Amino acid sequence: MPRITLPDGKTKDFSGPVTAREVAASIGPRLARDALGAKIDGELRDLSAVIDHDAKIAIVTPKKRDGAPDPDALFLIRHSAAHVMAEAIQDVVGKDVQLAYGPPTDTGFFYDMHAPGRPITAGDFEKINVRMAEIVKEDRAFTRYEQSAEQGLARLRAEGNKYKVDNAERALGRSALRADTPAAANVGSESRPTHLSFYATGVPGTNWEDLCRGPHVPSTGRIGAAKVMSLASSYWHGDENSDRLTRVYGTAFATKEELDAYLAQLEQARERDHRVIGRHLRLFHIDEDVGQGLILWTPAGSIVRQELQNFVTAELVKRGYQQVFTPHIGKLGLYRTSGHFPYYADSQFPPLIERQTLEALGACSCADLANRVRGGEIDGYLLKPMNCPHHIKIFASAPRSYRDMPVRLAEFGTVYRWEQSGELSGLTRVRSFTVDDAHLFCTEDQVPAEVQGCLELVKIIFGVLGMRDYRVRVGLRDPDSNKYTGPAEAWDKAEAACRDAAKSLGVAFSEEAGEAAFYGPKIDFIVKDVIGREWQLGTVQVDYNLPVRFDLSYIGPDNRPHRPVMIHRAPFGSMERFCGVLIEHFAGAFPTWLAPEQVRVLPISEKSHGYAARVESALRERGVRVTADLANDRIQGKIKAATEWKIPYLLVVGPRDEEQNAVSVRARGGGGGGDTPPVPLDRFIAGVVREIGTKAAGLTMA
RNA sequence: GCCGCUGUAGCUCAGUGGUAGAGCACUCCCUUGGUAAGGGAGAGGUCAAGGGUUCAAGUCCCUUCAGCGGCUCCA
């Protein structure tokens, strides 16, 4: 006698086991018609799932009551669409395509597969889309059935698909490997499963089938609209030593309108992309002849970067930091001591060897040279991968008393890292970047307050720039990995300090194992770019290890040497990446204090050129970045041109304005204009100077 | 690094094996004007680079370089 509790608290009693579909039908025919699945005691299940015990149940429909798409419905639709796409691909590309793993994602779904016959290419997309549409139109039922573990495994082995066999073994808990990797069947139940579940898209034995834990929508027709999006390569189980698979991405929505809206949104995101805006507004340039991932900051972009740098520098002065400068290279031994060279050689530019050494070596092979460098027999220099060793040497260059602590050394330090070519991306992933770096050398007692101070600084910066959409991650060590340096006790202390500081921050944060730096745990501020990729920006890292490696000490009140603790912190993270994210945050329309060109003066005609020049120089004298457009063009054309540069203020000046020593202000985004009453020039200048000085987020002179 | 896609003027992009194109931007001329493009002319190209097939290659093939989307990595 199952008693079903509905989301509104009402209950329904049934005389025997019922399916979720029957529950829906008992509520209403419309709900039964719209239902895609059910959440039974919090677990998403098929509509055909049988309920034989008291349970809470919520029927999943494409839209929630408030009309918003239901994420559970999207999950069901996309998971189901992955099956339909796989069937379509096997029809179009070949039956020998072996399926591996096909889950839904935030924006759609993918299916990893191995195509031994011929590669799947983008040229197949049209046919695949057509075939998918046919399968959807056929409206075949997703039919779940189970087989015993033995039967199911035997069947999968006979089919010769090692990936599915592997999935099944993992699902059954029989794999020696960790069980948190993609599993296809029955996981989620408490006990070790004894059966494997399969889904036929239609009639078992007749139509297409796949090992799958489910759940799915009731039939293919309920997948409103699906589309193949792109191809990528992937590794089986994400292991780069394992098989390389082809990953086919697709997306699906309940309706074609929603799919179209999503595609339009992707298109819009492209226009907001910092690489696109960076080119249009000439903020930066990447040149093939200079090299991949090496940013050339053009004058306009340099202004944005410099303003940010001035902003944070002013904060540092208030907070007792001391500025230092260090070179871009250092001797290999330094990085042997720090651990960078031995452990991270692959992600650095190769060492620089002195000419005399090279000449003395004569006809030594490259491999020999590499070995002798690695072995320490030959020394050289490294383009610095981090600033900390240099700053450590500054700390160590003078005797330090506990009275001097904390010592806070700051530098906008440029570092170089050898990122894999396929990983480089605009400003967000580069091979040379400038860290708004600082290293705080403090006593152990000072660690909590100093970490908190660093976090506050990040909060201030994000606040001034209006960046609210970020998440905080406390990166801890992965207990199973050996990439970390230092004793466990040091790590425990450092991790506790980070966790406590994060708690005091007043925002939600996640703790993630395996996300620590090699020398210590960290607190990262992470934001998403326009295409949904996450990037780490600000970071605060507690480090008990490098002070040991470099044998740092300060004299305590007991007149004995003590070990300092280091805090590495960078509120922007990297100037390059931060600017990239910031360009997208503002879509290139920077607040006035950051805008490369803050004001443009537009004379109505040549008669007003003289006045325009006077307005221009009056503004320039007050430090405003201003130009005058003296082109032989009508005012409409000048406004159009200026608009494309996203300039905060346009000052239209003609004889009428000149008479009153005034300007007609057109603020960015204030279109639809027409004549505006002139503002006295003095008043405009004072206002815009104040706006810049206060780093106002909005245009106050609008 | 791996898989797929892409590379034509400063930018956005057409281009079917047979003469290198458009719009915007740029320069000059006409126009002297009041809030999102007035008109005309001109200049601008090793079609990413290199090799091959062909009577003929921007177009077909190979290699390399670079960009894009993912994967892996990210101190």
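Predicted model, so just to flag it, every value in this text is computed and none were measured. The chains referred to below are lettered A, B, ... by the order of the sequence lines, with proteins before strands, and numbering in each begins at 1.
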Under 4.0 Å from OP1 or OP2 of B/rG70: is there any side-chain N or O of A/Ser230 that close? no
C1' spacing across the pair B/rA9 / B/rC71, given as an integer number of angstrom: 36 Å
Chi angles and distances behind the side-chain hydrogen bond (donor to acceptor under 3.5 Å, both in side chains) call for A/His391, A/Asp437: CA-CA 10 Å; A/His391 293 180; A/Asp437 219 346; 5.3 Å; no
Applying ring pair (Phe, Tyr, Trp, His ring centres under 6.0 Å), name anything that partners A/Phe109, two or more places apart in sequence or on another chain. none
Between B/rC24 and B/rU64, how many Å separate the two C1' atoms, rounded to a whole number? 33 Å
Any base atoms under 4.0 Å from A/Ser234, or only sugar-phosphate, or nothing? Heavy atoms, all strands. sugar-phosphate
Tell me, please, which residues at least two apart from A/Lys162 pass salt bridge (Lys or Arg N to Asp or Glu O under 4.0 Å). A/Asp243
How would you label the contact of A/Gly422 with the nucleic acid (heavy atoms, under 4.0 Å): base, sugar-phosphate, or nothing? base
Report which part of the nucleic acid A/Thr246 touches: base, sugar-phosphate, or nothing (heavy-atom distance under 4.0 Å, all strands). nothing
Quick one: label A/Leu424 by what it contacts on the DNA or RNA (base, sugar-phosphate, nothing), any heavy atom closer than 4.0 Å. sugar-phosphate
Partner set under side-chain hydrogen bond (donor to acceptor under 3.5 Å, both in side chains) for A/Glu534, not counting sequence neighbours: A/Arg471
Interatomic distance, A/His609 NE2 vs B/rG34 P [rounded to whole Å]: 14 Å
Could you tell me whether the phosphate oxygens of B/rG4, OP1 or OP2, come under 4.0 Å of any side-chain nitrogen or oxygen in A/Arg247? no
Applied to residues 634-645 of chain A, the salt bridge (Lys or Arg N to Asp or Glu O under 4.0 Å) test, sequence neighbours excluded, yields A/Lys640-A/Glu644
When you measure from the side chain of A/Arg668 to the backbone of A/Ile647, do you find a donor-acceptor pair of N or O atoms at a distance under 3.5 Å? no
Over all strands shown, is A/Arg429 touching base, sugar-phosphate only, or nothing at heavy-atom distances under 4.0 angstrom? base
A/Gly426 near the nucleic acid: base, sugar-phosphate alone, or nothing, with a heavy-atom cut-off under 4.0 Å? sugar-phosphate
Does B/rU35 have OP1 or OP2 under 4.0 Å away from a side-chain N or O of A/Lys638? no
Between C1' of B/rC74 and CE of A/Met386, the distance in whole Å: 11 Å
Spacing between A/Met229 atom CE and B/rC5 atom P, to the nearest angstrom: 17 Å
Scan every strand shown for a Watson-Crick or G-U wobble partner of B/rC55, both distances under 3.5 Å, and answer none if you come up empty. B/rG18
With a cut-off of 6.0 Å (strictly less than), are more than 12 heavy atoms of other residues, nucleotides or ligands near OH of A/Tyr343? no
Look at all strands and tell whether A/Ile635 reaches a base, only sugar-phosphate, or nothing, counting heavy atoms closer than 4.0 Å. sugar-phosphate
For A/Asn129, does its backbone N or O pair with a side-chain atom of A/Lys227 as donor and acceptor, under 3.5 Å? no
Applied to residues 335-349 of chain A, the salt bridge (Lys or Arg N to Asp or Glu O under 4.0 Å) test, sequence neighbours excluded, yields A/Arg336-A/Asp379
A/Phe349: which residues meet the ring pair (Phe, Tyr, Trp, His ring centres under 6.0 Å) condition with it, sequence neighbours left out? A/Trp418
Spacing of the C1' atoms in B/rU19 and B/rG10 (rounded, Å): 26 Å
Distance in angstrom units between A/Glu534 CD and B/rG70 P, rounded: 13 Å
For a quick check of understanding: with a heavy-atom distance under 4.0 Å over all strands, which category does A/Asp657 fall into, base, sugar-phosphate or nothing? base
Taking the same atom, C1', in B/rU59 and in B/rA41, what whole-Å distance lies between them? 33 Å
Just to confirm, is there a sub-4.0 Å distance from OP1 or OP2 of B/rA36 to any side-chain nitrogen or oxygen of A/Arg666? yes
Suppose you measure atom C1' in B/rC65 against the same atom in B/rU46; what distance do you get, rounded to whole Å? 16 Å
Can you check the distance between B/rC68 and B/rU27, where both ends of the measurement are the P atom (answer in whole Å)? 31 Å
Across the strands shown, which category fits A/Tyr343 at heavy-atom distances under 4.0 angstrom: base, sugar-phosphate, nothing? nothing
CZ of A/Phe518 versus P of B/rC73: gap in Å, rounded? 18 Å
Comparing nearest nucleotides in RNA chain B, the 5'-proximal residue of the pair A/Pro678, A/Thr121 is A/Thr121
Which residue pairs pass the salt bridge (Lys or Arg N to Asp or Glu O under 4.0 Å) test with at least one member in residues 276-288 of chain A, sequence neighbours excluded? none
Rounded off to whole Å, could you give me the CG-to-C1' distance for the A/Leu245 and B/rG4 pair? 14 Å
Over all strands shown, is A/Phe110 touching base, sugar-phosphate only, or nothing at heavy-atom distances under 4.0 angstrom? nothing
Does the structure show a Watson-Crick or G-U wobble partner for B/rC74, both distances under 3.5 Å? Name it, or say none. none
Go along nucleotides 39-47 of chain B 5' to 3' and tag each nucleotide: B for a protein heavy atom under 4.0 Å from its base, S when only backbone or sugar atoms are that close, - otherwise. ---------
Base, sugar-phosphate, or nothing: which does A/Gly637 touch, judged by heavy atoms less than 4.0 Å apart? sugar-phosphate
When you check the side-chain N and O atoms of A/Asp543 and A/His568, is any donor under 3.5 Å from an acceptor? yes
With sugar-phosphate meaning primed atoms plus P, OP1 and OP2, does A/Ser338 contact a base, only sugar-phosphate, or nothing at under 4.0 Å between heavy atoms? nothing
Pairs meeting criterion salt bridge (Lys or Arg N to Asp or Glu O under 4.0 Å) with involvement of residues 98-117 of chain A, two or more places apart: A/Asp112-A/Arg247
Contact list for RNA chain B against residues 571-581 of chain A - heavy-atom distance below 4.0 Å: none
Enumerate, atom names and distances included, each donor-acceptor pair closer than 3.5 Å involving a side-chain atom of residues 515-523 of chain A, sequence neighbours excluded.
unit_1	atom_1	unit_2	atom_2	d
A/Glu515	OE1	A/Arg473	NH1	3.4
A/Tyr519	OH	A/Gln541	OE1	2.3
A/Lys522	NZ	A/Asp524	OD2	3.3
A/Lys522	NZ	A/Gln536	OE1	3.1

Using the P atom as the reference point in each nucleotide, state the distance between B/rG42 and B/rG50 in Å, no decimals. 32 Å
Report the distance from atom CD of A/Glu419 to atom P of B/rC73, rounded to the nearest whole Å. 13 Å
Whole Å only: how far is the CZ atom of A/Arg533 from the C1' atom of B/rC74? 14 Å
Under 4.0 Å, heavy atoms only, any strand: does A/Gln636 hit a base, just the sugar-phosphate, or nothing? sugar-phosphate
Can you confirm whether the side chains of A/Lys393 and A/Thr326 place a donor and an acceptor under 3.5 Å from each other? no
Euclidean distance for C1', B/rG21 against B/rC60 (whole angstrom): 22 Å
Where along residues 278-297 of chain A does a heavy atom come under 4.0 Å from RNA chain B, residue by residue in number order? A/Arg279, A/His280, A/Arg282, A/Glu288, A/Gln292
Name the nucleic acid region contacted by A/Ile531, choosing base, sugar-phosphate or nothing; use a 4.0 angstrom heavy-atom cut-off, strictly under. sugar-phosphate
